[in-house]
Amino acid sequence: MYNAEPHSAIADARVAAVIARLQVTRPRPAAGGPRGNPAMSRDPNDYAEQGFSIHPEQGELIYLLCRGLRAKRVVEFATSVGMSTLYFAAAMRDNGGGTVIGSEIVPAKVQAAKRNLAEAGLADYADIREGDARQTLRDLGGPVDFILIDGWPGDKGPTLARR
Ligand SMILES: C[S@@+](CC[C@H](N)C(=O)[O-])C[C@H]1O[C@@H](n2cnc3c(N)ncnc32)[C@H](O)[C@@H]1O
């Protein structure tokens with residue numbers, strides 16, 4: 001059983017419940033991830049079942065930084081099944097309104113992230129863009145307050161998948 005962070009800044013029970021569920025269903029490939037493992041596929045579609053999500057202490061930091069900055073528009077590369085998005089979207093709502101612009105290339109993960117946000121009651125605070133973030137994040141519609149780069153290994157070692 002996953003134990004919620006004892007002093008979590010996430011006060012909303014619906015949000016905390018979705019985060020807790022994602023924590024206990026955190027599948028990883030038996031051989032670890034593709035980062036640093038050249039024998040493994042680098043195709044994100046081969047990992048549609050794995051989130052590779054941030055950990056709770058990282059999410060708590062994101063939430064508190066966004067609250068402290070009074071952030072209203074934030075961006076993440078990439079979304080996966082929406083763990084980091086939940087922390088961002090919770091901060092946007094608790095700041096009085098705002099949007100996290102997410103990006104994810106694997107369609108099944110986009111759908112999972114949207115379901116998770118809806119279950120947490122945070123769907124109105126997220127704009128999840130499906131496709132290659134190098135394209136989908138080109139137009140952010142204006143300045144942003146905070147960006148998380150949580151990318152994917154390229155063919156020649158770790159990369160942010162930026163050009
Ligand atoms: C480390 S995970 C992101 C985890 C997420 N921030 C979370 O906390 O749940 C990296 C994600 O990048 C996605 N990805 C890989 N290449 C991408 C690209 N070019 N554009 C958008 N997403 C990409 C993968 O499918 C994978 O889900």
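Source: prediction; values computed, not measured. Note that ligands are numbered from 1 as they come in the structure, with each ligand's atoms numbered from 1 the same way.
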List ligand 1 atoms under 4.0 Å from G131, heavy atoms only on the residue side. 20 (N), 21 (C)
Check each of A78, S53, A48 against atom 9 (O) of ligand 1 and report the one with the nearest heavy atom. S53
Any side-chain heavy atom of C66 within less than 4.5 Å of one from V74? yes
Would you say A133 and ligand 1 have an N/O pair spaced under 3.5 Å apart? yes
Taking N or O atoms only and a 3.5 Å limit, does I54 qualify as a polar contact for ligand 1? yes
Tell me if the centroids of the rings in F88 and Y125 come within less than 6.0 Å of each other. no
Could you tell me, atom by atom, which parts of ligand 1 come under 4.0 Å of a heavy atom of T79? 5 (C), 7 (C), 9 (O)
Which ligand 1 atoms are under 4.0 Å away from a heavy-atom of W152? 10 (C), 15 (C), 16 (N), 24 (C), 26 (C)
Answer with side chain, backbone, both or neither: which part of D132 has a heavy atom less than 4.0 angstrom from an atom of ligand 1? both
Are V100 and V110 connected in a single hydrophobic cluster, I mean Ile/Leu/Val/Met/Phe/Trp/Tyr linked by side-chain heavy atoms less than 4.5 Å apart? yes
How many angstroms lie between OH in Y87 and CZ in R67, if you round to the nearest 0.5 Å? 15.0 Å
Examine W152 together with F77 and report whether their ring centres are nearer than 6.0 Å. no
Take R93 and D12 through the test salt bridge (charged side-chain N to carboxylate O under 4.0 Å, His left out) and record every step on the way to the result. CA-CA 11 Å; R93 183 186 58 189; D12 185 296; 3.0 Å; yes
Which ligand 1 atoms does F52 reach within 4.0 Å, using its non-hydrogen atoms? 1 (C), 2 (S), 4 (C)
If I take atom CZ from residue R129 and atom CD from residue E76, how far apart are they, to the nearest 0.5 angstrom? 12.0 Å
Ligand 1 atoms nearer than 4.0 angstrom to some heavy atom of G151 are 1 (C), 10 (C)
Atoms in ligand 1 flagged as close to G51, the criterion being non-hydrogen separation under 4.0 Å: 2 (S), 4 (C)
Is the count of non-hydrogen atoms from other residues, nucleotides or ligands lying under 6.0 Å from E49 atom CD greater than 12? no
Show me which atoms of ligand 1 lie under 4.0 Å from any heavy atom of V106. 25 (O)
Check: L86 and V18 side chains under 4.5 Å, non-hydrogen atoms: yes
Counting both backbone and side chain atoms, is some N or O of K109 under 3.5 Å from an N or O of ligand 1? yes
Just distances here: any N/O of S84 and N/O of ligand 1 closer than 3.5 Å? yes
Kindly identify the option in I105, D43, V110 whose heavy atom sits closest to atom 22 (N) of ligand 1. I105
T85, portion touching ligand 1 at heavy-atom distance under 4.0 Å: neither
Select the closest option to atom 10 (C) of ligand 1 among L137, D150, I149, N45, judged by heavy-atom distance. D150
Determine the sole option in K114, E104, E130, K109 for which the side chain to side chain contact (heavy atoms under 4.5 Å, CB included) test with T79 is passed. E104
Which option out of M83, E104, E76 puts a heavy atom nearest to atom 25 (O) of ligand 1? E104
Test of understanding: clusters of I, L, V, M, F, W, Y form through side-chain heavy atoms closer than 4.5 Å, transitively. Do L22 and L61 belong to the same one? yes
